[in-house]
Amino acid sequence: MSGKYTEYQQLNLPSISEEILAKWKNENTFEKSVTLREGFPPFVFYEGPPSANGMPGIHHVISRTLKDLVCRYKTMQGFQVKRKGGWDTHGLPIELGVEKELGITKEDIGVKISVEDYNKKCREVVMRFKDKWDDITQKMGYWVDLNNPYVTFENNYVETLWWCLSELYKKGYLYESVSIQPYSPAAGTGLSSHELNQPGTYKDVKDTSAVAMFRASLNPSKGGTSEHPTFSKIFSAITESKVSPKGGDLEGAEVFFMAWTTTPWTLPSNLGLTVGPNIDYVLVQTFNPYTHLPINVILAKALVSKYFKAEGENGDFENYAADVKLIPWKIVAEFKGKELEGMGYEQLLPSEANTLEKIQEITPGAQPFKVVLGDFVTTEDGTGIVHTAPAFGADDFKVGQKNNLGILTLVDKQGKFTEGVGEFSNRYVKNYKDEKDYVDVNIDIAVKLKLENRAFKVEKYEHNYPHCWRTDKPIIYYPLDAWFIKTTAVKDRMVELNKTINWKPANTGTGRFGNWLENMVDWNLSRSRFWGTPLPIWKTEDGEEELCIGSIEELNNEIKKAAEVLGGETNKHYLHEGILDLHKPYVDEITLVSPSGKPMQRVPDLIDVWFDSGAMPYAQWHFPFENKESFKESFPADFIAEGVDQTRGWFYTLHALAVLLFDSVAYKTVVSNGLVLDKNGQKMSKRLGNVVDPFATINSFGADATRWYLITNASPWDSLKFDEEGIKEVQRRFFGTLYNTYQFFALYANVDGFAFKETYIPVKDRPEIDQWILSSLNTLIKDVQDNFDAYEPTQAGRAIEDFVNAHLSNWYVRLCRRRFWKGEYEHDKICAYQTLYECLETLCKLMAPVAPFFADWLFSNLNNVSGRFSNESVHHTDFPKANEAVIDIDLEKRMQLAQDISSLILSLRKNNKKVNLKVRQPLQKVFIPALDSTMAERILKVADIIKAETNIKEVEILSADNDFIQKKQKPTLRRWVKNWGVK
RNA sequence: AGAUCCGUAGCUCAGCCUGGUUAGAGCACUACACUGAUAAUGUAGGGGUCUCCGGUUCAAAUCCGGACGGGUCUACCA
């Protein structure tokens with residue numbers, strides 16, 4: 001305890017941060033804040049693991065500020081808040097980084113570099129920016145235990161993941177199936193629905209779209225059916241048509257189904273055309289705009305106007321020529337979609353690879369190239385006839401199976417055409433490799449169709465198309481074998497339990513998350529990559545028998561068993577020491593034995609990294625192999641917080657696994673914070689160069705001002721327009737004012753030797769203004785506590801700001817200055833010191849969760865002299881509790897009245913029409929009209945303050961019925977109506 | 001295309017749920033005061049068609065409907 005309060009030259013927030021940071025380090029302030037609460041009720045917080053593979057950004061600072069302030073607040077409220085940090089270490093981002101660095105592609109792995117070396121490299125790279133993360137964590141004042149973090153690639157962690165998977169397997173929730181899935185040729189892996197739902201995956205792109213013409217056919221050898229009632233209807237319609245175009249009649253002219261596609265590369269794999277059963281279709285006679293040949297086309301009636309100009313209807317067929325702009329057309333027949341069912345058509349782009357024989361080789365008995373019915377067809381886009389390639393669309397696949405169309409996959413997993421697709425073979429369907437001279441194969445397909453009289457319209461079409469969240473390349477839908485978790489089995493329970501979760505803001509839970517749950521599909525776990533958690537399932541070659549491993553012990557037993565049963569070289573490297581690393585390639589070298597004695601190999605898949613983080617409540621404790629107690633105490637979490645982009649990421653996987661495994665929520669409260677935009681409301685992106693560097697920001701403004709700004713400027717869930725000017729304002733307006741208030745206090749307290757050694761003077765014995773500020777202070781405590789409890793830190797922060805500026809500095813200190821410098825060191829002066837001291841001391845605690853450095857600094861400055869607390873840090877103290885006895889609402893109202901009246905008088909002095917009565921000029925008397933006696937009383941009680949503030953000698957109250965003021969009411973009609981209405 | 005949030009002063013935001021003084025605050029701007037918080041502090045002023053159009057009501061920034069603009073999200077759009 002020193003005798004004097006430290007006085008400073010000027011406020012320097014960054015240096016305060018440094019000073020306090022050093023103190024925390026020396027005194028283990030964080031660790032103590034946890035251990036000091038040993039035996040207190042726990043408040044459970046889960047840290048969402050960041051990936052140290054990328055640099056931290058300002059958006060990390062906001063979500064971590066949010067997490068930190070809640071944890072600090074709860075600690076001060078008497079909870080023990082353990083915060084185990086963690087690192088997300090698996091997954092695509094890391095693999096892609098390594099590929100880029102090594103200059104290889106996915107195909108090279110296992111060829112140019114062994115899987116072993118590749119994974120070794122991944123393991124190295126994973127913690128690349130750990131230093132930067134540790135640095136920002138410290139500098140921003142984020143308290144989290146990074147000494148014992150969970151790391152998702154460690155064996156213990158993976159073992160728990162295996163345990164989770166085997167539990168799911170036992171419950172029948174883990175299954176394998178072929179389905180059409182989003183697939184990223186660029187990344188070489190399928191994607192789960194929540195990966196596809198990452199922000200920014202859907203982008204507006206311009207693609208070559210084509211309306212292709214499929215020629216209706218009677219020739220069964222080309223795939224058509226020979227008999228169909230609608231054919232005769234069509235032909236008689238054509239015959240009856242009176243139209244007789246140049247060069248002969250249209251009878252015998254070709255009849256086409258028009259179908260639109262934005263992905264021409266799927267056309268060679270076409271196996272059907274789907275129409276809506278109840279949609280009206282028409283047969284139109286016209287000319288092909290490219291070849292100018294007479295044609296008959298079928299399309300949905302509702303979409304005719306999209307392709308034909310109204311003026312051309314029943315136009316001049318006889319004089320049509322290539323140079324005639326207006327193409328004549330005529331509707332000659334009409335039918336329902338179901339009448340078209342079963343009609344055959346000629347293949348659009350025949351090649352070696354898609355002959356009927358080839359198709360039936362793949363799917364025996366398949367009957368492709370016919371019109372089928374589907375409910376999903378609409379007439380909003382296209383032609384009302386949907387080109388159907390079962391391999392490349394979920395609906396297509398379904399409708400293909402139902403109608404036995406077969407399945408053709410003429411594109412390989414790298415995204416290029418397979419052999420046998422004529423001139424298109426081996427060409428990439430999209431520019432996945434960033435080839436400089438890439439020629440869009442879709443355009444070539446469209447050109448070919450044009451030349452062959454098989455295209456009606458080719459144009460660039462802008463639409464929203466999903467892209468891979470890591471490579472930014474367009475995905476395709478592709479048939480894949482994959483393992484799924486049957487989340488749909490517990491959908492209702494997930495919906496039900498979600499209703500018990502406290503979502504901030506609420507509508508994210510009911511709306512965004514709730515809707516997502518309602519439309520849930522099974523979780524696609526499979527990833528065909530190398531660096532990740534292997535799926536612990538071994539299968540016999542015939543696929544008849546399989547085994548799901550749930551622990552290292554079980555695996556080691558199976559390894560030995562297989563060696564005994566199968567003999568020879570089986571598992572010879574794994575017999576002595578057992579398994580040491582649960583990653584590829586080691587797990588793949590292990591052969592297990594089935595109950596019937598057949599060898600089993602591991603299925604090659606890895607699992608979705610989101611499973612890693614979703615299983616974090618269990619895996620961080622290596623449950624159930626260790627720490628059963630720790631797990632029990634820390635599940636479910638009381639609180640988690642991340643960016644709103646995690647709604648379908650971490651928030652979802654946590655919830656899904658908790659419900660699947662434990663029929664429980666994983667978290668009771670979740671706060672999702674919004675995006676951080678630049679000051680113009682633009683999304684931050686490296687490309688635009690508007691990314692804010694959190695290091696630079698914190699270095700120049702200090703962590704406290706940055707945190708305060710992030711929290712008070714907008715509610716966490718609103719998107720924040722980040723502007724440095726805002727931080728400067730916080731620095732000046734709030735921290736500057738509070739600092740000055742302290743400086744003022746220190747200056748005089750040092751002179752008078754005030755160290756809070758005198759007994760606490762009862763508030764009721766202090767002057768009214770002291771009672772007032774203390775009443776306001778206690779009201780503030782209530783307000784702040786309520787807001788923190790409701791996870792509304794923005795409101796809490798603004799309330800503190802308001803108190804400091806409007807009440808403490810601008811009114812209390814200003815009005816009381818004389819009390820500090822005049823007179824003897826006795827009752828009134830001590831009252832003033834005690835009051836101001838209490839305000840400052842309480843403010844330290846109230847603001848400590850948000851501005852931890854400044855709060856601790858101010859607390860130390862005060863407490864080092866007074867020694868009122870034995871705590872080393874403000875973060876070890878208890879949060880203030882409001883003293884209701886001190887709160888006097890009437891007094892607060894009175895003072896508000898005094899402020900308002902003073903302001904009004906000052907305004908009158910200045911705006912007097914005749915003369916500007918400066919404050920310096922004393923005035924004799926002011927008349928203040930009061931509405932009622934209560935108001936009059938209140939005014940009288942604060943009359944002294946008003947007199948002093950306005951430099952007036954007397955205050956006289958005028959009652960409502962006085963005749964001093966002559967009220968001349970000449971209301972305008974509008975005002976009258978507005979205020980009193982019309983009878 | 002749908003869902004959802006948002007639109008108030010030059011800027012950042014309150015107010016709206018629960019309709020009723022002259023629609024508020026801070027920053028910025030202008031003028032002034034203080035000179036014992038002074039590289040501080042205070043006071044006053046200018047500045048608003050509360051996005052627009054309808055409706056309900058005696059009365060609408062506030063409630064209802066629609067349009068426009070912006071953000072976010074969803075989607076098997078072929």
Side-chain angles (χ1 to χ4, degrees), chain A residues 9-11 180 182 196-197 199-200 202 209 259-263 266 273-274 374 376-378 380-389 392-399 461 463-466 477 505 507-508 510-513 515-516 519 521 644-645 647-648 674-675 677 679 681-683 709 712-715 717-721 723 725-726 728-730 732-734 736-737 739-748 794-795 798 801-802 805-806 809-811 813-814 817-818 820-822 902-903 906-911 916 918-920 949-950 975-983:
Chain A
Q9 287 305 306
Q10 60 174 9
L11 175 64
I180 308 300
L196 209 54
N197 279 306
Y202 280 83
S209 76
W260 180 59
T261 181
T262 55
T263 51
T266 59
L273 294 171
T274 308
F376 60 90
V377 180
T378 67
E380 276 170 22
D381 279 315
T383 62
I385 302 177
V386 176
H387 141 62
T388 302
F392 302 121
D395 280 331
D396 302 47
F397 182 75
K398 239 182 282 168
V399 88
Y461 178 78
H463 62 153
N464 221 241
Y465 197 82
Y477 290 89
N507 61 2
T508 301
T510 51
R512 191 180 288 195
F513 196 65
N515 292 342
W516 168 249
N519 300 317
V521 293
V644 69
D645 52 344
T647 306
R648 294 186 174 86
L675 296 168
L677 309 171
K679 62 179 174 184
Q682 294 274 316
K683 214 168 173 171
Y709 167 72
T712 57
N713 187 63
S715 281
W717 33 89
D718 289 338
S719 52
L720 174 87
K721 288 183 194 166
D723 188 355
E725 290 304 315
K728 285 184 193 160
E729 192 180 324
V730 161
R732 270 203 317 274
R733 183 81 200 146
F734 176 63
T737 305
Y739 161 82
N740 271 327
T741 307
Y742 165 75
Q743 278 288 85
F744 174 86
F745 166 81
L747 184 64
Y748 295 108
T794 307
Q795 305 308 325
R798 286 176 180 175
E801 245 172 33
D802 193 50
N805 288 325
S809 169
N810 183 16
W811 201 248
V813 172
R814 199 162 54 80
R817 274 148 86 194
R818 260 176 215 86
F820 291 91
W821 75 64
K822 274 179 76 178
S902 301
S903 179
L906 289 167
S907 172
L908 281 172
R909 271 178 168 278
K910 188 155 297 190
N911 290 340
N916 184 359
K918 293 193 170 183
V919 183
R920 201 190 290 218
E949 190 66 7
T950 57
R975 266 281 275 300
W976 179 259
V977 168
K978 199 170 177 198
N979 293 340
W980 305 107
V982 180
K983 288 275 158 70

Restricting to ring pair (Phe, Tyr, Trp, His ring centres under 6.0 Å), what partner residues turn up for [X], sequence neighbours left out?
X: A:F392; answer: A:W265
X: A:F397; answer: none
X: A:F820; answer: A:F744, A:Y833

Mind calculating the distance between [atom1] ([X]) and [atom2] ([N]) to the nearest angstrom?
X: A:L906; N: B:rG42; atom1: CG; atom2: C1'; value: 10 Å
X: A:Q743; N: B:rA37; atom1: CD; atom2: P; value: 12 Å
X: A:R818; N: B:rU41; atom1: CZ; atom2: C1'; value: 14 Å
X: A:R814; N: B:rG42; atom1: CZ; atom2: C1'; value: 5 Å
X: A:Y742; N: B:rA40; atom1: OH; atom2: C1'; value: 17 Å
X: A:Y739; N: B:rU41; atom1: OH; atom2: P; value: 12 Å
X: A:N805; N: B:rU43; atom1: CG; atom2: P; value: 11 Å
X: A:Q10; N: B:rA37; atom1: CD; atom2: C1'; value: 15 Å

Sticking with atom [atom1], work out how far [N] lies from [M], rounded to a whole angstrom.
N: B:rC27; M: B:rC16; atom1: P; result: 24 Å
N: B:rU51; M: B:rC13; atom1: P; result: 15 Å
N: B:rG54; M: B:rC68; atom1: C1'; result: 14 Å
N: B:rA14; M: B:rA25; atom1: P; result: 16 Å
N: B:rC52; M: B:rA61; atom1: P; result: 10 Å
N: B:rU56; M: B:rG70; atom1: P; result: 31 Å
N: B:rA9; M: B:rC77; atom1: P; result: 40 Å
N: B:rU8; M: B:rA23; atom1: C1'; result: 8 Å

Flag, side chain of [X] to backbone of [Y], donor-acceptor distance under 3.5 Å:
X: A:Y709; Y: A:K728; result: no
X: A:T737; Y: A:R733; result: yes
X: A:R814; Y: A:N810; result: yes
X: A:Y739; Y: A:Q10; result: yes

ask   = Can you tell me how far OG of A:S809 sits from CZ of A:F734, rounded to the nearest 0.5 angstrom?
value =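 Going from the CZ atom of A:F734 to the OG atom of A:S809 covers 11.5 Å.
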Gap separating the CD atom of A:E801 from the OG1 atom of A:T712, nearest 0.5 angstrom =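 Taking CD in A:E801 and OG1 in A:T712, the distance rounds to 4.5 Å.
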task = Map A:Y477 and A:R733 onto RNA chain B by nearest heavy atom, then report which one ends up closer to the 5' terminus.
result =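 The 5'-side residue here is A:R733.
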key: Nearest-nucleotide comparison on RNA chain B, the residue closer to the 5′ end among A:T741 and A:R732   =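 Comparing both residues, the 5'-ward one is A:R732.
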message = So if I define the base as every atom that isn't primed, P, OP1 or OP2, how would nucleotides 6-18 of chain B read as a B/S/- string at a heavy-atom cutoff under 4.0 Å?
response = ------SSS----
request  = Classify every nucleotide of nucleotides 31-36 of chain B by which part a protein heavy atom approaches to under 4.0 Å, writing B for the base, S for the sugar-phosphate alone and - for neither, in 5'-to-3' order.
outcome  = --SS-B
Residue pair [X] / [Y]: nearest heavy atoms and the distance that separates them:
X: A:S902; Y: A:W811; result: OG-CH2, 4.2 Å
X: A:A259; Y: A:V386; result: CB-C, 4.5 Å
X: A:T794; Y: A:S715; result: OG1-CA, 3.3 Å

query = Any side-chain N or O of A:N810 less than 4.0 Å from the OP1 or OP2 oxygen of B:rU43?
reply =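 True: A:N810 side-chain N/O within range (under 4.0 Å) of B:rU43 OP1/OP2.
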inquiry  = Using OP1 and OP2 only, check whether a side-chain N or O of A:T261 sits under 4.0 Å from B:rA78.
reply    =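 For B:rA78, neither OP1 nor OP2 has a side-chain N or O of A:T261 closer than 4.0 Å.
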request  = Please say which of A:D396, A:T388, A:I385 ends up in a side chain to side chain contact (heavy atoms under 4.5 Å, CB included) with A:T274.
outcome  =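 Of A:D396, A:T388, A:I385, side chain to side chain contact (heavy atoms under 4.5 Å, CB included) with A:T274 is met by A:T388 alone.
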query = When we call it a touch if two heavy atoms are under 4.0 Å apart, what does A:S809 touch: a base, just sugar-phosphate, or nothing?
reply =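 Base, at least one base atom sits under 4.0 Å.
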ask   = Starting at the 5' end of RNA chain B, what dot-bracket string do you get if Watson-Crick and G-U pairs under 3.5 Å are bracketed, crossing pairs use [ ], other-strand pairs use | and unpaired bases use dots?
value = ((((((((.[[[[.)....(...]]]].(((((.......))))).....[[[[[..)....]]]]])))))))....
